[in-house]
Number of protein chains: 2
Amino acid sequence: MSKADRTKSRILETAIELFNDRGTKAVTTNHIAAALGISPGNLYYHFRNKEEIIRAIFVQMHEVGVSEYREINDPRGPGNAASMEETFLMIQRFNWRYRFFKRELAALVQSDPELKALFVASHREHLAMVRQAIDASIEQGFFREIPLHLRELLTEQIWLMALFWLNYLEVGGEEVTEATLARGNEILRTMMLPYLSESALRSVMQGSGVHTL
Amino acid sequence: MSKADRTKSRILETAIELFNDRGTKAVTTNHIAAALGISPGNLYYHFRNKEEIIRAIFVQMHEVGVSEYREINDPRGPGNAASMEETFLMIQRFNWRYRFFKRELAALVQSDPELKALFVASHREHLAMVRQAIDASIEQGFFREIPLHLRELLTEQIWLMALFWLNYLEVGGEEVTEATLARGNEILRTMMLPYLSESALRSVMQGSGVHTL
DNA sequence: ACTAGTTTAGAGTATACGCTCTATTTTTTT
DNA sequence: AAAAAAATAGAGCGTATACTCTAAACTAGT
């Protein structure tokens with residue numbers, strides 16, 4: 001790792017913290033430089049402007065996210081309750097670490113077309129992952145058979161939930177804690193419950209506190 | 001309506017348009033004044049700053065929203081599929097008219113505690129409305145009996161969906177059209193489907209293109 | 001050790017932002 | 001019609017912002 005790379009990642013790290021605390025609007029490049037103890041000139045040597053920093057943070061988030069997803073779902077493969085919930089919690093961890101990003105998501109992609117393109121691509125990938133997880137679940141007899149159209153709706157339902165749960169908590173005046181994250185997980189289970197197969201229903205029942213219909 | 005009130009509402013109207021187009025960050029009080037053809041001094045005579053304008057817009061949105069909700073649900077009462085979907089569409093209309101607000105929601109409430117208090121109160125009211133609609137649906141035999149805890153989860157599931165659907169479309173690179181709004185509606189139906197009573201299932205089946213489980 | 005390339009410092013600049021202040025016009029009250 | 005109050009104009013000001021530029025320091029290859 002070269003010196004430049006080290007400085008670059010220190011800038012990103014500091015920027016993430018400041019953005020999370022105060023929002024991208026309130027944080028200027030000069031603030032980031034000052035918080036890091038480097039000069040504005042130095043910062044501008046590495047990043048042409050604030051937008052570029054934000055884009056770099058997004059790319060980082062996406063890359064790490066995809067690789068963590070693979071780690072969780074590769075060994076056992078997707079398509080069981082455990083890996084789905086683990087994935088959901090992983091996403092929430094990301095949403096927390098990069099919370100400024102989801103918080104300002106719509107505004108950010110509006111004002112930066114380049115970022116928008118990046119995000120839309122990632123968004124589609126995520127949808128594909130959910131879709132794949134559902135299909136695998138059906139194949140493994142964890143879910144029942146579901147008509148294609150309904151499967152599509154379920155995919156979006158689940159992804160929207162994963163994408164905005166933290167946001168929902170924040171704007172509703174709730175803190176992000178173990179408990180509130182668990183509630184999100186519960187809602188996710190509730191969404192999937194109607195689609196569980198007979199056998200899955202039986203095995204899930206005796207485990208966690210899922211409520212029956 | 002006094003002259004001041006007229007000017008005030010013209011300011012709000014112009015602000016909404018500009019905010020929707022360019023985002024609150026890019027729009028300054030001077031821009032609003034210029035777009036309206038009044039002086040900055042005049043604008044500041046009516047509103048102390050941009051935050052106050054945003055708060056006023058929110059209050060307007062909330063008040064009109066509540067009264068429209070009453071109009072839809074008062075005559076027949078909540079608790080049937082038609083009024084629920086009509087309410088959902090109404091909310092989406094609001095989300096569109098004030099789209100800058102939902103777009104920047106989390107960031108706005110973060111940087112303005114006063115606005116946050118207003119929003120949280122409204123948020124709770126909305127949740128209560130959904131809760132009430134569900135209870136009424138059960139009472140009228142449209143929904144089956146549902147345990148309290150599950151009812152709570154369903155409430156949040158529905159409200160989160162209504163709150164963020166437009167946002168979801170926007171960040172996903174989809175335009176807001178009749179078709180995409182209808183898709184949101186479909187997802188809403190999918191969420192409620194598992195909870196319909198036998199009789200409701202029968203009557204719903206033959207109507208719209210709802211997919212059976 | 002020399003040198004070319006890379007990285008950093010920090011002063012500096014043009015611009016725009018949010019906002020104020022006073023003077024003037026318009027409206028309302030008596 | 002005169003006086004008081006409300007509404008508006010517009011110049012202007014302090015500050016912060018995003019960003020640049022040059023010179024200095026450091027690093028790496030030979």
Side-chain angles (χ1 to χ4, degrees), chain A residues 1-58 100-101 104 107-115, chain B residues 1-58 100-101 104 107-115:
Chain A
M1 204 187 202
S2 75
K3 192 171 183 181
D5 287 345
R6 225 163 32 242
T7 309
K8 261 191 161 168
S9 70
R10 280 172 64 218
I11 291 173
L12 293 185
E13 213 42 57
T14 310
I16 289 169
E17 271 177 40
L18 291 179
F19 288 161
N20 279 340
D21 279 4
R22 300 181 223 161
T24 56
K25 189 190 159 186
V27 175
T28 73
T29 48
N30 287 6
H31 289 149
I32 299 170
L36 236 165
I38 67 171
S39 65
N42 190 358
L43 191 146
Y44 272 87
Y45 173 76
H46 294 285
F47 295 100
R48 274 178 38 249
N49 52 43
K50 207 161 75 174
E51 286 189 347
E52 204 173 287
I53 294 176
I54 293 172
R55 276 196 299 269
I57 291 173
F58 174 74
F100 83 91
F101 191 84
E104 306 177 29
L108 290 175
V109 302
Q110 192 201 17
S111 61
D112 180 359
E114 210 173 314
L115 181 66
Chain B
M1 208 185 200
S2 75
K3 190 172 184 181
D5 287 346
R6 224 162 34 240
T7 308
K8 261 190 161 167
S9 69
R10 279 172 65 219
I11 292 173
L12 293 184
E13 214 42 56
T14 310
I16 290 170
E17 270 176 40
L18 292 178
F19 288 161
N20 278 341
D21 279 5
R22 299 181 224 161
T24 56
K25 188 188 159 185
V27 176
T28 74
T29 48
N30 287 6
H31 289 149
I32 299 170
L36 235 165
I38 67 172
S39 64
N42 191 1
L43 191 145
Y44 272 86
Y45 174 77
H46 293 285
F47 295 99
R48 274 176 41 248
N49 52 43
K50 207 162 75 173
E51 287 190 346
E52 203 173 289
I53 295 176
I54 293 171
R55 276 195 298 269
I57 291 173
F58 174 74
F100 83 91
F101 191 84
E104 306 178 28
L108 290 175
V109 303
Q110 192 202 17
S111 62
D112 181 358
E114 211 172 314
L115 180 67

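Letters A, B, ... mirror the listed sequences (proteins, then strands); counts begin at 1.
Closest approach to the B:P40 side chain among D:dA18, C:dA11, D:dG10 is made by D:dG10 (side chain taken as heavy atoms from C-beta onward). For A:Y44, taking side-chain heavy atoms from C-beta onward, the closest of the listed nucleotides C:dA9, D:dA18, C:dT20 is D:dA18. Of the candidate nucleotides C:dA9, D:dA18, C:dG18, C:dA9 has the atom nearest to the side chain of A:I38.
At C:dG10, none of the side-chain N or O atoms of A:S39 fall inside 4.0 Å of OP1 or OP2 (strictly under the cut-off). The shortest distance between the side-chain N/O atoms of B:N42 and the OP1/OP2 oxygens of D:dA9 is below 4.0 Å. For B:Y45, no side-chain nitrogen or oxygen approaches OP1 or OP2 of D:dT8 to under 4.0 Å. Remark: B:T7 is in phosphate contact with D:dT8, judged by side-chain N or O atoms under 4.0 Å from OP1 or OP2. A sub-4.0 Å separation between OP1 or OP2 of C:dT8 and a side-chain N or O of A:H46 is present. Contact annotation: A:T28 side-chain N/O to D:dA16 OP1/OP2 distance is not under 4.0 Å.
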After noting the C-alpha distance and the side-chain angles of A:E51 and A:L115, does the key distance pass the side-chain contact (heavy atoms from CB on, under 4.5 Å) rule? CA-CA 8 Å; A:E51 286 189 347; A:L115 181 66; over 6 Å; no
Derivation of the side-chain contact (heavy atoms from CB on, under 4.5 Å) call for B:L36 and B:L43: CA-CA 10 Å; B:L36 235 165; B:L43 191 145; 5.7 Å; no
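Summarising the geometry, atom CG belonging to B:N49 is positioned 6.5 Å from atom CZ belonging to B:R55; distances are rounded to the nearest 0.5 Å.
Residue A:L36 contributes atom CG, which lies 16 Å from atom C1' of C:dG10 at whole-angstrom precision. As a whole-Å value, the separation of B:K8 NZ from D:dA6 P is 13 Å.
By the 30° and 60° cut-offs, the orientation of the rings of A:F100 relative to A:F19 is tilted.
B:N30 comes within contact range of at least one nucleobase, with a heavy-atom separation under 4.0 Å.
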